Structure formats: structure tokens, C-alpha cells
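The shown structure was predicted, so the numbers you read here are calculated from the model rather than taken from an experiment. Here is the naming used below: chain letters follow the sequence lines, and residue numbers restart at 1 for every chain.
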Number of protein chains: 2
Amino acid sequence: MPSKPLPPITIDAVYAAPGYLFRRMQQIAVSIFMEECKAFDLTPVQYAALVAIHTHPGIDATRLSAVIAFDRSTLGSVIERLEAKAYIERKPAPEDKRIKLLYLTKSGAAILREIIPAVERAQARMLEPLKPADRKALMGLLAQLVDLNNEASRVPLRAEDALEHLGKGG
Amino acid sequence: MPSKPLPPITIDAVYAAPGYLFRRMQQIAVSIFMEECKAFDLTPVQYAALVAIHTHPGIDATRLSAVIAFDRSTLGSVIERLEAKAYIERKPAPEDKRIKLLYLTKSGAAILREIIPAVERAQARMLEPLKPADRKALMGLLAQLVDLNNEASRVPLRAEDALEHLGKGG
DNA sequence: CATAGATTGTAAGTATACTGTCAATTAACA
DNA sequence: TGTTAATTGACAGTATACTTACAATCTATG
């Protein structure tokens, strides 16, 4: 019994923990994205917002936050920045004075077209160190896990529910 | 040729992209961690810092940032918060007036012992929706990918290099 | 139609995460 | 030894991410 006063855990256990690997991978992914897209001055979240608004023109902020699984409170400032860059427009909804509808501007659509090759390079680089079969396996498992854990992280609405009155005109 | 003015990408492509899945999984992981550990008022990063200081007593802030792959600038405020909670102590290094050495306090060691079961519950919950074999496969691939991508995200020092003069007394 | 409850956007407050910059200090070198 | 270079910690500034709170507005109900 030679000392050993505090043996609860070591940093090596942290390195192998899912939470640590998820955080580290997210750091790396953002870093690669920003590097590939530095010519465009768009963050990953701003990019996702642009794509979502492009796919669902006239969406409002609350539904947008559900569609891109993005915190509702923070989204306000993201929208502000995109509006300041003139990539999106906010228009009041005629039938509901609370809601502001979001639309891509011409330059928003243009930047989206231009940035896509860089984004695809970034996505490819994130997985590049793995063999193709392993990339597929990892993405498959991760997509599955995110889907099954979807309820764990609080999002105001499920993406599908959020869009019932959009796009399909009903 | 019926219209189709902007077909560059849709939100479904974003959902399948690695960057989106990594971000979403990180959100979920943090959410689960905070839920399991809410009785302790410790964030995942603060927890990792405590473990690292416990494993490497007398580490300085720059090396700590390398050990837990944590941004050096942000670490200052993390250390401040841990110091304010009296979980760690900062002592000036005798041989180098720039450096402040970090040590766990008694209550820091105590909270670390107490929180570990909650942390382990959280880590287990993150992977719970997958079959055991899939959990193993996912963690293996992710550990591999993080390791091979380590250079992509800027960290001042590699964890191993950061510790050469610590612990082993040389 | 009046009121309670829900929804929308906004804001305040905390905590990462990153980019820069800076002064104090130490190390390297001419 | 004296100047330069590197290191350390601190700070300012931007951008997520989350919690709670709040006013304006809409909906549901009596």
C-alpha cells in the first residue's frame, strides 16, 4: 500500500471518452471549414443558415433554428450578421405581425454558389485521413447516433414539424 | 426548361455532411453531460481541466491548453472560474517569473471524485442508442480520425511534447 | 368580446472558441 | 554582454451556444 492518494481518473481516460472525441472533432472540423472558406468570411453556421433559407424561402427564425438545429437565442445575431452582409432580407409577415420572413438576396444566392466548392473541399478534408470504407462507416454510425439522440439536445421543433406550412403551400 | 433558378445545394445535403454531424453530435454530447452533471456546476471543459491538473500537478496554463486541446486564450477564463470555485490554486514558479503553476485543491480533488460517476453515466448515454459493436466501431474510427487530423486544429504544443519536463522529473 | 395561454422576436448574462495584440520575462546568439 | 527572438500570461474583439426573462402579438376559450 504505497501512497496513491488520488487515483480516480487520468487524462488518458478523458482522451478515450466519447465527449472528448466529439468536442475535438468539432474543433478540427470548424478549423478546416474556416481554412477552406476564409476567402468568403462565412462561418459554418452562417453557411448552414444560408442553405436552409435557400431551401425554404420565407422561413421564419424559429423554424430556421429547428431546421439547422441551431439555438434560437443565438440565431438572432447570426441573422443580424447575414443581414448586415446583405446576404438575406427580413420581411414582415402580412398575416402575423410577430413574424419576420427570411429570404436570400441576389448576393446571398451568389455567395452560396461560389462557396460550395470550398465547403465540399472542407467536408472531404475532414474525412480524408480515413480509408473510403471507414469514412462511410463513420458517417453512417454518426448519422444514426445523431438521429437517435436527437431529443437529447433541446431544439424547439423537429425539423419536419417545423416545415409543415412551408414550401408545399399548405 | 421550367425555371429552376438556384439549384446549388439543399439542406438535406447539409444534414449528411460530416461538419454538420460533428457539430450536432457535439451539441448533444454537451447537453447530456450538463444534464447528468448539473448537480456539480462543472462544464465539460472545466472537468477536463481538473482531470489534467490532477494528472499533471504543477502544470502551467500553456501546457494545460495543449494537454486538453483547449484554446490558450479561453483557458484563462476557465482557470479563473475554477480558481473562484476554489477547485484549483495558482502558484508562481520560482525559477520563471512568467509562469504560474496549477494545483488541485482539496475541494477540487473532492469534486473530481464525486463527479466521476455522473460523467461516466453521461459518456455511456451518448453512445447508448447504438449497439455495443457499433459503439466500439464508432469510437475507434473517431479516435483514429482525431489523431490523424490533430495538426488541422491549431494547438500550441502536442500533448506529449508539452509534458516532457513534468511528472517524470526530467 | 375579454382574458388566459402560447408564440415570436429580442435582450441580458454566462461559457466556450478563436484571432489578434501586448508587456514582462527568459533564452539564444552575435 | 547586449540585442534579438521566443515564451508566458493577459487582454480586446468576434462568433457560437445556452438559460432565463420579457414585451408584443396571436390563439383558444369562456
**Prompt:** How close or far is atom C1' of C:dT8 from atom CG of A:L101, stated in whole angstroms?
**Reply:** 12 Å
**Request:** When you get a sec, tell me which of D:dC18, C:dA17, C:dT16 is the closest nucleotide to the side chain of B:S77?
**Result:** C:dT16
**Request:** Determine yes or no for a side-chain-to-main-chain donor-acceptor pair under 3.5 angstrom, with B:S107 supplying the side chain and B:A86 the backbone.
**Result:** yes
**Fill in**
A:D96 meets the salt bridge (charged side-chain N to carboxylate O under 4.0 Å, His left out) criterion, sequence neighbours left out, with A:R98
**Request:** Round to a whole Å and report the spacing from CD of B:E35 to C1' of D:dC18.
**Result:** 14 Å
**Asked** Can you name the salt bridge (charged side-chain N to carboxylate O under 4.0 Å, His left out) partners of A:R125, sequence neighbours left out?
**Response** A:E35, A:E36
**Asked** If you link I, L, V, M, F, W and Y whenever their side-chain heavy atoms are under 4.5 Å apart, who else ends up in the same group as B:Y103?
**Response** B:I99, B:L101
**Request:** Starting at atom CG of A:D60, determine the distance to atom C1' of C:dT7, rounded to an integer number of angstrom.
**Result:** 10 Å
**Message:** Which is more 5' along DNA chain C, the nucleotide nearest A:I99 or the one nearest A:V30? Just name the residue.
**Reply:** A:I99
**Item:** Nucleotide nearest B:Q27 (side chain, heavy atoms from C-beta), chosen from C:dT8, D:dA17, D:dT25
**Value:** D:dA17
**Nearest-nucleotide comparison on DNA chain D, the residue closer to the 5′ end among B:R23 and B:A61** = B:A61
**Prompt:** Is there a donor-acceptor pair closer than 3.5 Å between any side-chain N or O of B:R135 and the backbone N or O of B:L130?
**Reply:** yes
**Request:** Using a 4.0 Å cut-off on protein heavy atoms (strictly under), produce a 5'-to-3' string for nucleotides 10-15 of chain C with B for base contact, S for backbone-only sugar-phosphate contact, and - for none.
**Result:** BB---S
**Message:** Tell me the interatomic distance from B:E95, atom CD, to D:dT7, atom C1', rounded to whole angstroms.
**Reply:** 14 Å
**Asked** Quick one: does B:R98 reach the base of C:dT26 with a side-chain donor-acceptor pair under 3.5 Å?
**Response** no
**Request:** Rounded to the nearest angstrom, tell me the gap between atom CG in A:L75 and atom P in D:dT16.
**Result:** 10 Å
**Message:** Please report the distance, rounded to the nearest Å, between CD in B:Q26 and P in C:dA17.
**Reply:** 6 Å
**Asked** For A:T62 and C:dG9, is the shortest distance between a side-chain N/O and OP1 or OP2 below 4.0 Å?
**Response** yes
**Asked** Taking only residues two or more places apart in sequence, or in another chain, which ones meet A:K85 in a salt bridge (charged side-chain N to carboxylate O under 4.0 Å, His left out)?
**Response** A:D41
**Prompt:** Of all residues at least two apart in sequence or in a different chain, which pass the salt bridge (charged side-chain N to carboxylate O under 4.0 Å, His left out) check with A:E83?
**Reply:** A:R90
**Prompt:** Tell me: CG of A:L42 to C1' of D:dT14, nearest whole Å?
**Reply:** 15 Å
**Request:** Nearest whole angstrom, please: distance from the C1' of C:dA24 to the CG of B:D96.
**Result:** 11 Å
